[in-house]
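Not measured: the values here are computed from a predicted model.
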Amino acid sequence: MGADFGRLHPELRRRFSVGLDSGEACTGTGVMDRVWHGRGFVRPFLALGATRNILVPEEGRDVPFVIENVPYADSYGRETVTFVRTFHLPGGPRRFDAQMVLAPRGDRILDYLGTHQHLASDLHLRAGERGELVVRSGVHRFREGPVDVRVPELVGGEAEVREAFDEETGRFRIRVRVVNRYFGPLFGYDGSFTAVYTDAARLGVRPGLRPVREEARA
C-alpha cells in the first residue's frame, strides 16, 4: 500500500501489520449480523466450494464468528498470513480459508483460497476516506498440477472487503460481498469483532490452520 498504509486507522494498521517481522498473531472474535447468499441457483456452487472451505452455502443472523490471522513461512519460504474464518451456524461450523502470501519480489499480495489453494487472486488494497481498509480481488486463477487457467467471468466472483474500526464500540466492523458480473451477488457477510494479539513465535500455528496443499506458483 505504500504511503496509503499510513492513512488507515491506527487499530487497522496494527491488525494488518501481523507478520513475521511484528511477531504478532491476531484472533478476532465477534458476531456477524448477517451471513447471506444470492439466489437459490448459486447454492449448489457454494456447497461445492464449501467442501474445500471456500465460501459458505448457509445463511444466518447473529452468527458467532472467529477469524485467525497467524504468520508463518510456508513450504516455499514465503511469508504467509492465515485468514481463516469460522462461522458457527445453526447447522454446524463452516470455514472460509485463505492464506495471503507475499510474492517473491515483494510487489504484490496473492490470496490463496481453500484447503488446497486451488484458487488464487491478486489483491488490490487501498485506504478509504475514513481510514477504513478496502480490498478488492483481481483475476482468479485455478491451479492444480499442470493446470493453470483463468477462471471465466461467467462462474467467477469479484470480492470486496471493507474493514473499519469503530472507536465508540472499540470493535472492528467488516463487510464482505462476492458478486458475479452476470448473476449478481453470490455470498457475503457483515458484522463486528474484537481483536486479541498473541506472540506468534511462541504459540506457532495450531494444527489444521495451514492448508493441506500449498501452491508454488505466484
Point to revise | From CG (Leu20) to CD (Glu79), nearest 0.5 Å | key: 4.0 Å
Under 3.5 Å, which donor-acceptor pairs link side chains of residues 27-38 to any protein atom two or more places apart or in another chain?
| unit_1 | atom_1 | unit_2 | atom_2 | d |
| --- | --- | --- | --- | --- |
| Asp33 | OD2 | Arg173 | NH2 | 3.2 |
| His37 | NE2 | Pro57 | O | 3.4 |

Review point. Under the side-chain contact (heavy atoms from CB on, under 4.5 Å) criterion, do Phe142 and Val147 qualify, and how do the steps go?
Key: CA-CA 7 Å; Phe142 176 83; Val147 177; 4.1 Å; yes
**Study point:** Value rounded to 0.5 Å, distance of CZ in Arg52 from CG in Leu113
**Key:** 13.0 Å
Check your understanding: At their closest point, which heavy atom of Gly145 faces which heavy atom of Arg217, and how far apart are they?
Key -> O-NH2, 2.8 Å
**Study point:** Interatomic spacing from CG in Asp97 to CG in Leu209 - rounded to 0.5 Å
**Key:** 7.5 Å
Exercise for review: Check whether any side-chain heavy atom of Glu158 sits under 4.5 Å from a side-chain heavy atom of Val179, and report yes or no.
Suggested key: no
Point to revise | Aromatic ring pairing His9/Phe165, orientation class (parallel under 30°, perpendicular over 60°, tilted between) | key: tilted
**Study point:** Closest contact, heavy atoms only, Thr194 versus Gly170
**Key:** CG2-O, 4.1 Å
Practice item. State, to 0.1 Å, how close Asp199 and Arg202 come at their nearest heavy-atom pair, and which atoms those are. Key: OD1-N, 3.1 Å
Exercise for review: Report the distance from atom CZ of Phe83 to atom SG of Cys26, rounding to the nearest 0.5 Å.
Suggested key: 9.0 Å
Practice item. Check the pair Ser75 / Glu214 against side chain to side chain donor-acceptor pair (under 3.5 Å), numbers first and verdict last. Key: CA-CA 7 Å; Ser75 304; Glu214 292 180 337; 2.4 Å; yes
**Study point:** Connected via hydrophobic side-chain network under 4.5 Å: Ile67 and Val176
**Key:** yes
**Study point:** Non-hydrogen side-chain atoms of Ser17 and Arg14 separated by less than 4.5 Å
**Key:** no
Review point. Hey, mind stepping through Arg130 and Glu132 against salt bridge (charged side-chain N to carboxylate O under 4.0 Å, His left out) and telling me if it holds?
Key: CA-CA 6 Å; Arg130 299 182 179 180; Glu132 73 274 25; over 6 Å; no
Exercise for review: Verify, without hydrogens or angle tests, whether Thr198 (side chain) and Ala200 (backbone) share a donor-acceptor contact under 3.5 angstrom.
Suggested key: no
Exercise for review: Evaluate the salt bridge (charged side-chain N to carboxylate O under 4.0 Å, His left out) criterion for residues Glu160 and Arg162: first the C-alpha distance (whole Å), next the side-chain angles of each, then the deciding distance (0.1 Å), finally the verdict.
Suggested key: CA-CA 7 Å; Glu160 181 186 83; Arg162 288 182 175 267; 3.3 Å; yes
Exercise for review: Find the distance between CE (Met100) and CG (Leu125) and round it off to the nearest 0.5 Å.
Suggested key: 7.0 Å
Exercise for review: For Gln117 and Tyr112, indicate whether the former's side chain and the latter's backbone hold a donor-acceptor pair under 3.5 Å.
Suggested key: no
Revision key, fill the gap. Per side chain to side chain contact (heavy atoms under 4.5 Å, CB included), Leu46 is matched among Ile54, Val56, Leu55, Val178 by Leu55
Review point. Does any non-hydrogen side-chain atom of His116 lie less than 4.5 Å from one of Glu144?
Key: no
Check your understanding: Within a strict 4.5 Å, meaning less than it, do heavy atoms of the Arg7 and Leu12 side chains meet?
Key -> no
Point to revise | Same apolar cluster: Val101 and Val135, side chain cutoff 4.5 Å | key: no
**Study point:** Side chain Ser137, main chain Ala159, donor-acceptor under 3.5 Å
**Key:** yes
Point to revise | Flag if over 12 foreign heavy atoms under 6.0 Å of CZ, Arg206 | key: yes
Point to revise | Inter-residue atom distance Arg15.CZ - Leu8.CG, 0.5 Å rounding | key: 11.5 Å
Review point. Are the side chains of Phe65 and His88 in touch, meaning some heavy atoms are under 4.5 Å apart?
Key: no
Exercise for review: With the side chain counted from C-beta on, respond yes when Thr82 and Thr80 share a heavy-atom pair under 4.5 Å apart, and no when they do not.
Suggested key: no
Point to revise | Non-hydrogen side-chain atoms of Phe96 and Val84 separated by less than 4.5 Å | key: no
Check your understanding: Do Ser121 side-chain atoms and Leu119 backbone N/O form a donor-acceptor pair below 3.5 Å?
Key -> no
**Study point:** Heavy-atom donor-acceptor pair, Asp148 side chain to Arg143 backbone, under 3.5 Å
**Key:** no
Check your understanding: Will you find, in the side chains of Tyr189 and Arg85, an N or O donor that is under 3.5 Å from an N or O acceptor?
Key -> yes
Exercise for review: Kindly indicate whether the side chain of Asp74, heavy atoms from C-beta on, has any atom under 4.5 Å from the side chain of Arg210.
Suggested key: yes
Review point. Minimum heavy-atom separation for Ala127 to Asp4, with atom names?
Key: N-OD2, 2.9 Å
Check your understanding: Arg150: what forms a side-chain contact (heavy atoms from CB on, under 4.5 Å) with it, not counting sequence neighbours?
Key -> Val139, Arg141, Glu153
